[in-house]
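What you are looking at is a predicted structure, and each value in this text was computed from that prediction instead of being measured. A, B, ... follow the sequence lines: proteins, then strands. Residue 1 opens every chain.
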Amino acid sequence: MASRYNPQEIEGKWQERWAADDLYRVRDDDPRPKYYALTMYPYTSGDLHIGHWYAMAPADVHARFMRMRGYNVLHPMGFDAFGLPAENAAIKRGIHPHTWTMQNIENMRRQLKTMGPCYDWSREVNTCDPDYYRWTEWFFLKLYEAGLAYRAKAPVNWCSTCQTVLANEQVVGGLCERCESPVVRRDLEQWFFRITKYADELMEHHGLDWPERIKTMQRNWVGKSQGAELSFGLEHPDVEEKEIRVFTTRPDTAFGVTFMVLAPEHPLVEKLTVPSQRAEVEAYVEQARHQTEIERLSVETEKTGVFIGAHCLNHLNGEKVPIYIADYVLLGYGTGAVMGVPAHNTRDFAFARKYGIPIPVVIAPPGWSGEELEEAWTEPGTMVNSGEFNGLPNEEGKDAVAEYASRKGIGGKAVSYRLRDWLISRQRYWGAPIPMIYCPACGIVPVPEKDLPVLLPADAEFRPTGESPLKYHEAFVNTTCPKCGAPARRETDTMDTFMCSSWYYFRFASPRHQDGPWDPKALAHWLPVDLYTGGAEHAVMHLFYSRFFTKALRDMGLIDFGEPFIKLFNQGVIIAERQKMSKSRGNVITPDEYVSDVGADVVRAFLMFVGPWDQGGEWNDKGLSGFSRWLNRVWNLADAEYREVEPDAANTRDLRHMTHRTIKKATEDIERFHFNTMLAALMEFSNYLGKAQEAGRAEASAYREAIDSLLLLLAPTTPHLAEELWSRLGHPYSVHNQPWPQYDPELAREEEVTLVIQVNGKLRDRVSVSASIPEAEARELALSRERVQAHLQGKTVAQVIFVPGRLVNVVAR
RNA sequence: GCCGAGGUGGCGGAAUUGGCAGACGCGAGGGACUUAAAAUCCCUUGGACCUAAAGUCCAUGCGGGUUCGAGCCCCGCCCUCGGCACCA
């Protein structure tokens, strides 16, 4: 052998050459059809880990494949740079979030480059760059102008010891992760985006090539339910409100309401609670403030509640209904009030039993004769004890009662959504400032566009026990009202980082554009994204927000499309120590060591081989050596001299068949992101080539065709190895500018197949036949086989099933 | 708890979507080469019965069902992973 495969030697060399030649620079005016292949950009956590490579390497392979197929592929990369961990690092280690973030970007960019990706680095974006977040702020103003931003009270996790707002992640078992004191819910005025306005449209995915499971999750996230809103009367002289409104999917059961439940945080609770119940109610409210929503909604835990001593009126039957509070009712969902129908709802049944509330039947089960129920009846039945609706099938009753309520002015048909508006306020420093000013005279005043960006002050102090550092920064907070010029205060909350990631894919079209978030020409050229790949964990957050954002921009006339991502593919999760890899879980494994050990190409190929890309898997470096061995064999194969030894047509044809069959398989697999089986096919091919090379029975031209094809098929997966061998074979630079090989269907076709012969569904024999064997012939062949005959002893053939090119099943009794 | 996905040899996985279960790779065992090791190459490798060959039976988380035929479809369980609105 003339040389050895040495990844350390060739990988750096080619990376430098590609960079020097701008091989992956993408131009807007390129005449080839455009293809925007986007991979979710990473959060700047500090280290790129194997999970990132699992997301990015196969995506890079697909992008390279599309390049070879003749597309002008935009495959950009950037950094999601704002967020909580930077601020935590600042508090913990006294390093400024900006410094921390920029160091991390430096490191991660270096790590990304070792992967050998085809990113166009000239388009890199960074969301904490003022050139970027100035437009994040601008979009806030646009959403505000469009009436999609509003302020409302919303609860936050509050640690009274640290005097700070905690993220859900920072609350561990109801305690602050830092000081372990109990966390309470506290209401703050915060900014929301009216995502619910788009609820119906967000449930639809017309024209999108998305995985069914993600579409399902998004639809369930919106959680649209049809039903009715009903009003229950309040007659309390000191209380302004005259009704409690509830949403129900079961208006047909409204005559069976025997209690009303309010969320503990419901504003009416304070007003309605009678003195004798006050102590108990307050204790319960306090307790509920310490629970998470998941705890409150769990069906496992027993439902508890407290009677507040007040009643409301069921207008349908004129009965007085006691009012309770219970933690399973959430203020943010529906109207924050729920009617209790114990006879026909499992949860209400248990609640009524516990508190001795009557359980009148209003939907009679078939054959019911007036006895008490042992459990809630939630199936269809006939309406009883329901006034004029008696005798009606309950399914019809749903509409009938709703229409009746509408006529009487006590409700009507209604639709409810599980989806809540998007809360974007964060009481933190490291985020894009919300560009709003509070003026004592003019109220809420947006920062004029010409004054953007509202810059984060560099000299903020990160007090370990403070609120948002911006709140204490006098120079930041104090400003003048843009309207009246009087002294005013700035908003000190910053934006949710999902706001930054809702538009970064627009920015990649023209990342250095100064006069707007994008250059309209570039945007029109590149958007929408043709292929978006990333983790399925983003199904209902980032992907959902981005769709909302795009639709909102469309309605403002800023863009002319309503969906950002045409095709979506979600890779699975790489598991380490039984969990998703992430810095906060402390189980990250970085690729650096592996890269310096066995080379990036080996790691890329190995990650693609661990299983179907959408399934993820457990990280285990055991199999890496197999890929070093394989790539070494490929190296030797391409490097070896081929000597013909009495070549003949049959062997030549066989070799060409293998070549074209492999091209076909690899092409189909890579199109479907079935990288693992593509690599299995390439391994089989190279194993075959090893034998063919040794035998020398095929013509040299066929062998050369095979080796060239192998390198071209490998080019996306192992870009450095393919480039090196391509050049060693004397081909022109670069392999990455070559067209993807085409297969000849005639050569790829299988001529012979193994016909499986079964008796009563059990395999009894197999025989090699022409792939196009006709049914009569296959049937005759099967019945004539000795092994088949042996199993037919004493039986008569009832039926013979023939699957063309596959099997014959003899059914005998 | 709710929503979504998954469970196949010692391990990762394959199976053209109802038609040969275990491709390909790892690991393991045996052998060749070598003074030896590494590297490389060759053979074997789901289980049981059988001296072997041949063959038969069992086997895709568990229990049922549909079908000529089920890893794949249906019903009921169990377990694992992701998300659940302030990690991103």
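In this structure, A:Ile773 places its CD1 atom 20 Å from P of B:G19, rounding to the nearest Å. For the pair A:Met658 CE and B:A23 P, the interatomic distance rounds to 16 Å; values are reported in whole Å. Counting to the nearest Å, the C1' atom of B:G83 and the CD atom of A:Gln579 are 14 Å from each other. Spacing between atom CZ of A:Arg219 and atom P of B:C3 amounts to 14 Å, rounded to whole angstrom units. Atom CZ in A:Arg418 sits about 10 Å away from atom P in B:C3, given to the nearest Å. The distance from atom CG of A:Asn687 to atom C1' of B:C41 is 12 Å, rounded to the nearest whole Å. Atoms CD (A:Glu537) and P (B:C84) sit 9 Å apart, rounded to a whole Å. Distance CG (A:Asp496) to C1' (B:A85): 9 Å, rounded to an integer number of Å.
Contact check, A:Asn220 against B:G83: no side-chain N or O comes under 4.0 Å of OP1 or OP2. Residue A:Arg764 has a polar side-chain atom (N or O) positioned under 4.0 Å from OP1 or OP2 of B:C57. Neither OP1 nor OP2 of B:C20 sits under 4.0 Å from any side-chain N or O of A:Arg766. Distances shorter than 4.0 Å separate none of the side-chain N or O atoms of A:Arg213 from OP1 or OP2 on B:C3. The side chain of A:Arg629 contributes an N or O atom lying less than 4.0 Å from OP1 or OP2 of B:C26. Side-chain N/O atoms of A:His542 include none lying less than 4.0 angstrom from OP1 or OP2 on B:A85. At least one side-chain nitrogen or oxygen of A:Ser625 sits closer than 4.0 Å to the OP1 or OP2 atom of B:G27.
A glycosidic torsion no more than 90° from 0 defines the syn conformation; B:U56 lies beyond that range and is anti.
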Distances for protein N/O vs nucleotides 6-14 of chain B N/O pairs under 3.5 angstrom?
{"from": "B:G12", "atom 1": "O2'", "to": "A:Val610", "atom 2": "O", "distance (Å)": "2.6"}
{"from": "B:G13", "atom 1": "O5'", "to": "A:Val610", "atom 2": "O", "distance (Å)": "3.2"}
{"from": "B:G13", "atom 1": "O3'", "to": "A:Asn676", "atom 2": "ND2", "distance (Å)": "3.4"}
{"from": "B:A14", "atom 1": "OP1", "to": "A:Asn676", "atom 2": "ND2", "distance (Å)": "2.9"}

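B:C72 is unpaired under the Watson-Crick or G-U wobble criterion, no partner having all donor-acceptor distances under 3.5 Å. Nucleotide B:A53 has no partner under the Watson-Crick or G-U criteria, as no pair reaches both atom distances under 3.5 Å. Shown here, B:U35 forms no base pair; nothing in the strands shown gives a Watson-Crick or G-U wobble contact with both key distances under 3.5 Å. Across every strand in view, B:U66 sits unpaired, with no contact that passes the Watson-Crick or G-U test at under 3.5 angstrom. Using the Watson-Crick or G-U wobble rule with both distances under 3.5 Å, B:A5 pairs with B:U80. Nucleotide B:G27 forms a Watson-Crick or G-U wobble pair with B:U45, both donor-acceptor distances falling under 3.5 Å. Figure legend. B:C86 is base-paired to no nucleotide; pairs are counted as Watson-Crick or G-U wobble with both atom distances under 3.5 Å.
With B:G25, B:C86, B:C20 as the candidates, the nucleotide lying closest to the side chain of A:Gln758 is B:C20. Picking from B:G25, B:A85, B:C86 the nucleotide with the shortest atom distance to the side chain of A:Met683 gives B:G25. Nearest to the side chain of A:Ile801, among B:C81, B:C20, B:G19, sits B:G19. When the nucleotides B:G25, B:G19, B:C86 are ranked by their closest atom to the side chain of A:Leu423, B:C86 comes out on top. Listed nucleotides B:A85, B:G4, B:G19 differ in distance to A:Trp221; the shortest reach to its side chain belongs to B:A85.
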When the side chains of residues 604-613 of chain A are checked against the rest of the protein, which donor-acceptor pairs come out under 3.5 Å, sequence neighbours left out?
{"from": "A:Arg604", "atom 1": "NE", "to": "A:Thr717", "atom 2": "O", "distance (Å)": "2.8"}
{"from": "A:Arg604", "atom 1": "NH1", "to": "A:Asp60", "atom 2": "OD2", "distance (Å)": "3.0"}
{"from": "A:Arg604", "atom 1": "NH1", "to": "A:Met115", "atom 2": "O", "distance (Å)": "2.8"}
{"from": "A:Arg604", "atom 1": "NH2", "to": "A:Asp60", "atom 2": "OD2", "distance (Å)": "2.7"}
{"from": "A:Arg604", "atom 1": "NH2", "to": "A:Pro716", "atom 2": "O", "distance (Å)": "2.9"}
{"from": "A:Trp613", "atom 1": "NE1", "to": "A:Tyr54", "atom 2": "O", "distance (Å)": "2.8"}

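You'll find a donor-acceptor pair under 3.5 Å spanning the side chain of A:Gln427 and the base of B:C86, going by distance alone. A donor and an acceptor atom sit less than 3.5 Å apart, one in the side chain of A:Asn809 and one in the base of B:C68. In terms of polar N and O atoms assigned as donor or acceptor, the side chain of A:Arg585 never comes within less than 3.5 Å of the base of B:C87 in a complementary pairing.
Comment: A:Lys153 does not engage A:Glu265 in a salt bridge, judged by the lack of any side-chain N to carboxylate O separation of less than 4.0 angstrom. Electrostatic pairing of A:Glu169 and A:Arg585 does not count as a salt bridge here, judged by no charged N lying under 4.0 Å from a carboxylate O.
Two rings, from A:Trp422 and A:Phe498, have their centers 6.0 Å or more apart. No close placement of the A:Phe548 and A:Trp221 rings is indicated, their centers lying 6.0 Å or farther apart.
Atoms NE2 and CD, from A:His791 and A:Gln793 in turn, are 10.5 Å apart once rounded to the nearest 0.5 Å.
Between B:C68 and B:A32, the distance separating the two C1' atoms is 50 Å to the nearest Å.
Using a 4.5 Å heavy-atom threshold, the side chains of A:Arg194 and A:Thr196 count as touching.
Between A:Tyr505 and A:Phe565, the angle of the ring planes goes over 60°, which puts this pair in the perpendicular group of the 30/60° scheme. Classified by interplanar angle (parallel below 30°, tilted 30° to 60°, perpendicular above 60°), the ring pair A:Trp430/A:Phe82 is perpendicular.
A donor-acceptor pair shorter than 3.5 Å cannot be found between the side chains of A:Glu751 and A:His657.
Each of A:Asp421 and A:Phe627 was assigned the nucleotide of RNA chain B with the nearest heavy atom; the assignment lying further toward the 5' end belongs to A:Phe627. Mapping A:Lys580 and A:Met217 onto RNA chain B by nearest heavy atom places A:Met217 at the nucleotide closer to the 5' end.
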